[in-house]
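In what follows, a single structure is set out as structure tokens and then discussed.
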Amino acid sequence: MKVFISQKIPSVAEEMLTKQGFDVKINRKKSPLPSNDLIKLAKSSGGLLTLLSDKIDKYVIDNLPDLKIIANYAVGFNNIDVRYANSKGIIVTNTPGILTDATADVAMGLILACSRRFCEADEFMRKGKFEGWKPDLFLGSDLKNKTLGIVGAGRIGQATAIRAKAFGMKIIYFSRSRKHDFEKQTAAKKVSLAKLMKTADVISVHLPLTPATFHLLDKEELDLMKSRAILVNTARGEVINEKYLIKLLRSKKIFAAGLDVYENEPSVNPSLYKLKNVVLLPHIGSATVETRNKMAELAAKNIINVLKGKKPVTPVNV
Ligand code: DGY
């Protein structure tokens, strides 16, 4: 049976699949394929290993009638029409759990970079502007005793909070359900979204992108932020009204933002590049060698299981 891997990922996936006797084809280019090229190359495949930059919609699904599984190489799966795939009997899987720590590290890194102005200070150094210690050079904000608001207390949100707790931060969270173990571990308090936006000194977004979370942080919610607030997003850009956030940053209505994700990836609103009070990362939440290898292994394992008639390890449920 054929398996198509839509872009180059760690070779362990190809090795595992080949060892199991599958005919593995890979798009070796470092960019996503247009839908028609993907369909052409993946023709008659039973398994498709996709990246978050591949749009797997009704058109692609209808044109790959032999598919049994779409294994997304990401925890997010907003790039796939999961309901439609499921209605055609195709299983969709993702890679949860294994990228939690890597992504939480990036969220914490962005919190630190924003609160202590690392990127502005780095730019200042590279421009040769350093003339010695000064009492008011790049004054930032303490994290200790400040409040971190976690929007979406799933695995990554909780892992970020645990890190922040070690920095002496108090934790509040917004989530559909109460997380009792998390509350015990971090003394976190569940609050409404409005209360979180109003109270938190640092807000970190960890929600998946769904129709319900699109622009969840819109003008009304963003306007509630404190004037010294920091907003960090390592989830999906579309959860925040990015244009409005830019407006707030430009007029210095909040202290800073740290972004790993953007509303119209891969294009980035050029206004962001002009702002000093924003730290920009190129969607590297899960980008460690160890994590990416584990993601490749899990995606391959899901394909092997399904194509061998077993249960997938991490199916997506919508
Ligand atoms: C994911 O897995 O959804 C992340 O965004 C990848 O870094």
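Each ligand, and each atom within it, is numbered from 1 in the order the structure gives.
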Inset, instruction - Looking only at distances, please establish whether an N/O atom of ligand 1 is found under 3.5 Å from an N/O atom of Gly76. - result: yes
Legend entry - Protein contact of atom 1 (C) of ligand 1 - nearest heavy atom, named by residue and atom, plus distance: Val75 N, 3.4 Å
Legend entry - ligand 1 contact on Leu52 by region, counting heavy-atom pairs under 4.0 Å: side chain
Inset, instruction - Among all protein heavy atoms, pick the one closest to atom 3 (O) of ligand 1 and tell me residue, atom and distance. - result: Arg236 NH2, 2.7 Å
Legend entry - Salt-bridge criterion met for Asp122 and Arg126 (N-O under 4.0 Å): yes
Inset, instruction - With Ser6 as reference, evaluate Asp54, Thr50, Asn72 under the side-chain hydrogen bond (donor to acceptor under 3.5 Å, both in side chains) test and give the passing residue. - result: Asp54
Inset, instruction - Considering heavy atoms of the protein only, find what lies nearest to atom 4 (C) of ligand 1 and give residue, atom and distance to 0.1 Å. - result: His283 NE2, 3.7 Å
Inset, instruction - Output yes when the distance from some N or O of ligand 1 to some N or O of Tyr73 is under 3.5 Å, and no in every other case. - result: no
Legend entry - Within 45° cone of Phe124 ring axis and under 6.0 Å: Lys129 NZ or CZ: no
Inset, instruction - Using a strict cut-off of 4.0 Å, indicate which atoms of ligand 1 neighbour a heavy atom of Leu99. - result: 2 (O)
Legend entry - For atom 7 (O) of ligand 1, the protein heavy atom that lies nearest, with its residue and separation: Ser286 OG, 2.9 Å
Legend entry - Pair Asp81-Tyr59, side-chain donor/acceptor within less than 3.5 Å: no
Inset, instruction - Would you kindly say whether Tyr173 and Gln158 are connected by a side-chain donor-acceptor distance under 3.5 Å? - result: no
Inset, instruction - Give a yes or no on whether the backbone of Glu238 and the side-chain of Glu263 come within a donor-acceptor separation of less than 3.5 Å. - result: no
